[in-house]
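Per chain, numbering begins at 1; letters A, B, ... match sequence-line order.
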Amino acid sequence: MSDQWTDRLSEYLDGELAPSVRAELEQHLLQCAECEATLADIRRVVGRAGSLADRAPVGDLWPGIAQAIGATPPGGTKAVPIASARRPRRWSFSLPQLAAASIGLILASGGTVLLLHPGAARPGVAPVQSPSVINVGVEPRAARGYDAAVADLERVLTEGRGRLDTTTVKVIERNLATIDSAIVEAERAVESDSANVYLNSHLAATMRRKLELLRQAAALISAAS
Amino acid sequence: MLLTLTSAALAALALGQDIDTTVQAARGDRLDISSYGGDVSIQTWSRNAVRVVASTSSRGRVEVSNVGAVVTVRTEGRRGPPPHIDLEITAPAWMRLDLSGVYTDVKVAGLQSPISIETVQGDVDVSGGQGNVSLQSVEGSVTLRNAKGRIEAHSVNQDVSVSDASGEINVETVNGEISLKHVDATSLEASSVNGDVRYDGPIHDGGRYSLTTHNGDIGLAVPAGTNASVSVSTFNGEFKSDFEVSVTQTHKGRRLSFTLGSGSAQVTLESFQGTIHLARPGKLEEGEDER
Amino acid sequence: MTRTGTGVATLQRDLTDRTDPDAVDATLAASGDAHAFERLYRRHVARIHSLVRRMLSDEEADETVQDVFVRAWQKLGTFRGEAAFGTWLHRLAINVTLGQRETLGIRRKRFLDSPAALETVPARRGGPETRLDFEKAIERLPDGARQVFVLHDVEGYRHEEIAEMLGLATGTSKSQLHRARMALRQHLDR
């Protein structure tokens, strides 16, 4: 019983209830100590929220900002560039566990896998802008090829993340997460019906989407350096 | 601390550069625009010249040059990255366009030439384009009208919409929806991960059409008299058709095929867990579930 | 005080009714004066950092706040002074924090928190748990509920505005707010 009213207490407090409903609730409050107490609590929460003090950051963020906008930081101190001030946070990746069998089927149905030139991620080697398209042969090598390509790109992104602004990073992360969920769902589907050509090719196509997005992100980082 | 500045001095500080520059262009020249941020709008005229109108604070500069066969328009910052600068450009309709931006919204109207536009955080809105037309945004939406040729329209995060266009069409988004209206495609690939994909246009004999999504719905408007072999695949989703189809093959209820007319075109409709809906032209929006 | 003279008087009338340091500094910064921009930064960083910290988390706040100010520097040319600079900056901070360019316009967003996160704000009843600092408790709320709570109860936006910003139905915004408030009851300083 009181649950029905409990859920409307916030609206009541904020003056959003229709007059007739408000009147009913007020009637109920006269009789229900628990709701009255809950209402008092909510009032205190709102009051507390409204009185929170603003607090400046612990460190001074200005030098990093000054550097980014091309201004000299005060006192000529060496500015901490934003890029290195950022901790290299891991991108929220989740590599799908791939069954070798399904990879074999994927490639048998004519898929091509885009691989970065193997030298791209090694230091001292200039990253290759355009990936070579390689028609990979059969199973286990191919599985390693995809995983290796994804891992390479993820490394590039983790290291270069600071060069992109947070909005772009968020957009990319969210969309990678979308694709990763789709990959997980597609994999589970393949496991339940492993001979299904549609499911296998859909999984392959979704994995390719992940590679493409990772490549796109890497290209953005490269352009921002 | 109060600054003692005359209003004239302050006004002078606020003024930077007002540009209204026109450079000649010879047939075959291309237009190369590089903009860090701001709105870029491109319109056409009948002169063989490119006009650039912009105003920028003293922090930024707009450079317009004509070297070799390229008219270049570039925004720059005097120190650090450029400020956002709005550019209004008028160019001949035959002029090929290459535009690259970061925080740039782009609006183009009237070009009848190849167009290539890339932006990161910005919407792309193009009316026109012939030959190779490639529009890309990461965060923003892509809208294309009245184009013909080999068309690529890609967004990562937002919707892609193509209308009154013809040719070979490739449309992709991860998070957004795809809408294709009055589109005369000889071949079509439209793919989203999260969003719906809808196609309303002729289905040519011998053409190949593929609409795929993971989470979203597929909607295909099928004109009467269409000749197509249609294959519908889903894992968890549904299939519904507003008109009768006789199913020729079923695979565990998740994949079915049927033939319309002579079966000439190849149509592939795939949604992993959404609804695949066939309707007559103009009826596609009706009966769609509202989210 | 300023020296009198028609020049200065015109300056004051041009900018605002009163001599508004934000408006003056915004105009100077728009033309490249980094010192003026630093003054704006120092005046507003506590508020902006607190907003971002509460919307996101402590560890993400510094980096995002830097982005907010860099973006503000870039977009100063488009700030026409229709609203107070602080309001403009605040909106910009919300945009950057939510990872989008604009909050205006209806965009059907598919980035919802997972249903589980939205629905189950842990209901702690009694028990001798350590009470969290109120701000820490806000940080512990699930993303959607936290953002609605911060925007409504801390920052004072209305549900219609919040719904538009977050791509929610107004009803969802209201129910998220209620759940956040109910969860935070346990962590009031008593």
| message | Do the side chains of B:Lys107 and B:Asp105 get close enough for a salt bridge, i.e. N-O under 4.0 angstrom? | response | no
| task | Name the region of A:Leu213, side chain, backbone, both or neither, that has any atom closer than 4.5 Å to a heavy atom of chain B. | result | side chain
| said: Under 4.0 Å between a side-chain nitrogen and a carboxylate oxygen: does that hold for A:Glu191 and A:Arg188? | reply: no
| task | Using non-hydrogen atoms and a 4.5 Å limit, figure out which bit of B:Thr212 sits close to chain A: side chain, backbone, both or neither. | result | neither
| Most contacts with chain A, counted as non-hydrogen pairs under 4.5 angstrom, among B:Gln136, B:Gln273, B:Glu172, B:His214 | B:His214
| field | chain A contact via B:Ser192 - side chain, backbone, both or neither, heavy atoms under 4.5 Å | value | backbone
| message | Less than 4.5 Å to any heavy atom of chain B: does that hold for the side chain of A:Glu185, its backbone, both, or neither? | response | both
| In terms of side-chain geometry, is the basic nitrogen of B:Glu168 or B:Arg150 positioned less than 4.0 Å from the acidic oxygen of its partner? | no
| query | Under a 4.0 Å N-O cut-off, is there an ion pair linking A:Glu24 with A:Arg22? | reply | no
| Residues A:Lys210 and A:Asp180 bridged, charged N to O under 4.0 Å | yes
